Amino acid sequence: MPAAQPVAQPIPPVPQPVAPAPQPAPPVGQPPHAQPQAQQQPPQPQPAPQPQPQWHLQQQPQQPVPPQRAEPDWGALADRNEAEGKRRRRMRVIGVVAAVAVVGGLAAGGVVLLNGKKDDGSPTAAKSTQPVVSPSTSGTPGGQPEDPSKPIWEAATDPAPQDAGALFSAPQVTINGATWNRTVVALDSPCWDGNSTTGGLGKVLGDQGCQQVLRATYVSGESAVTVGVAVFDRKLQAETALKNFTGQLKGAPAAGSPAFCAGAGCTGTHNSLGRYGYFTVEGSAKGGNAPDATATAAASGFAEHVKGQLLKRAKAASSAAPGVQGTAPASAG
């Protein structure tokens, strides 16, 4: 209901000043100084102003005045909202990271248990998400894949005959963009007779029960590389012989070609894989015991080539294991 408007009051009249009463004029012919002195009249009392009628206002109940709202600081509100949003995003990120860490920790333990309830409200049995590993794809503890050379760690699991022609089957090998032609393959037994080694290497191999040394020579232009593989019964024997390595492999020249790297002076490499030790020696196809830059640069490539051939043999030995379907040929090529 709107508030009643107050009734306007009449404006009281402003009192006017009262003029003094006029004095009687003197009689004609009498000089002014002869006029008797007029008695001073006391001031006449002025009538008091009559009170004006007052208009009585009907007092209306005073309506409460609503408090004035202050205009909000929109800039400060925006800053607070932005800060709150950043804080919530940080909390979400921290929560996600913590959840991932928890899930990762459970997965690393191998088993994640999922609890639930059946439709009738009874709890279900915990389920394991640990993968079932079949015997054909078993790995090492911790989920790491098995060493692919494992089938050739022992002679008992690597029964294929030792054949230099099968092991070094490629007639040509490309190393560093150059083509190397195989000129000769050879098998020497026993290892310590000095035909395939020099500088005391034969004795080191023989002390660990080395049975045979298989060699092949590759030539490119005037450069020559001979690769060799020493055969042991067990992996530990091969590793021990390589720890005590001394001397070098001898170069194997083709029939009618000059001997090369028959003594100290050429470069070479040595390593082991499973029950095998494998070596290279690099020199000049023209003969002698001087190093050859092109052959030396190709040494690491030839070492990798021999390692690849041994891994092929390991794969063939794995396929030939009893109880495995699809038996592959025993020889590695």
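Excluded from the calculations below are hydrogen atoms, water molecules and symmetry mates; all remaining heavy atoms, backbone and side chain alike, are included. The structure displayed is predicted, hence computed values, not measured ones. Starting from 1, each residue takes its place in the sequence as its number.
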Using modelled atom types and a 3.5 Å cut-off, is there a donor and acceptor pairing between side-chain atoms of Asp147 and backbone atoms of Ser149?
yes

Is the backbone of Lys250 close enough, under 3.5 Å, to the side chain of Arg215 for a donor and an acceptor to pair up by distance?
yes

Is the side chain of Thr217 donor-acceptor paired with the backbone N or O of Val184 at a distance under 3.5 Å, no angle test?
no

Sole candidate of Asp292, Asn289, Thr226 that passes side-chain contact (heavy atoms from CB on, under 4.5 Å) when paired with Phe260:
Thr226

Name the orientation class of the two ring planes belonging to Phe279 and Phe245 (parallel below 30°, tilted from 30 to 60°, perpendicular beyond 60°).
parallel

Could you tell me if the side chain of Tyr278 sits less than 4.5 Å from the side chain of Gln309, heavy atoms only?
no

Taking all non-hydrogen atoms of both residues into account, name the closest pair between Trp180 and Tyr218 and its distance.
CE3-O, 3.6 Å

Is the side chain of Gln248 donor-acceptor paired with the backbone N or O of Thr198 at a distance under 3.5 Å, no angle test?
no

More than 12 heavy atoms of other residues, nucleotides or ligands under 6.0 Å from CZ of Arg234: is that the case?
no

Without swapping roles, check the side chain of Arg182 against the backbone of Phe168 for a donor-acceptor pair under 3.5 Å.
yes

So CZ of Arg313 and CG of Asp158: to nearest 0.5 Å the spacing works out to 4.0 Å

Gln212 (side chain) donor-acceptor with Ser189 (main chain) under 3.5 angstrom
no

Could you check whether any side-chain N or O of Asn271 sits under 3.5 Å from a backbone N or O of Ala303, counting only pairs where one atom can act as donor and the other as acceptor?
no

Compute whether any side-chain donor of one residue and acceptor of the other, for Glu282 and Thr267, lie under 3.5 angstrom apart.
yes

So, Thr269 and Thr280: side-chain donor and acceptor under 3.5 Å apart, yes or no?
yes

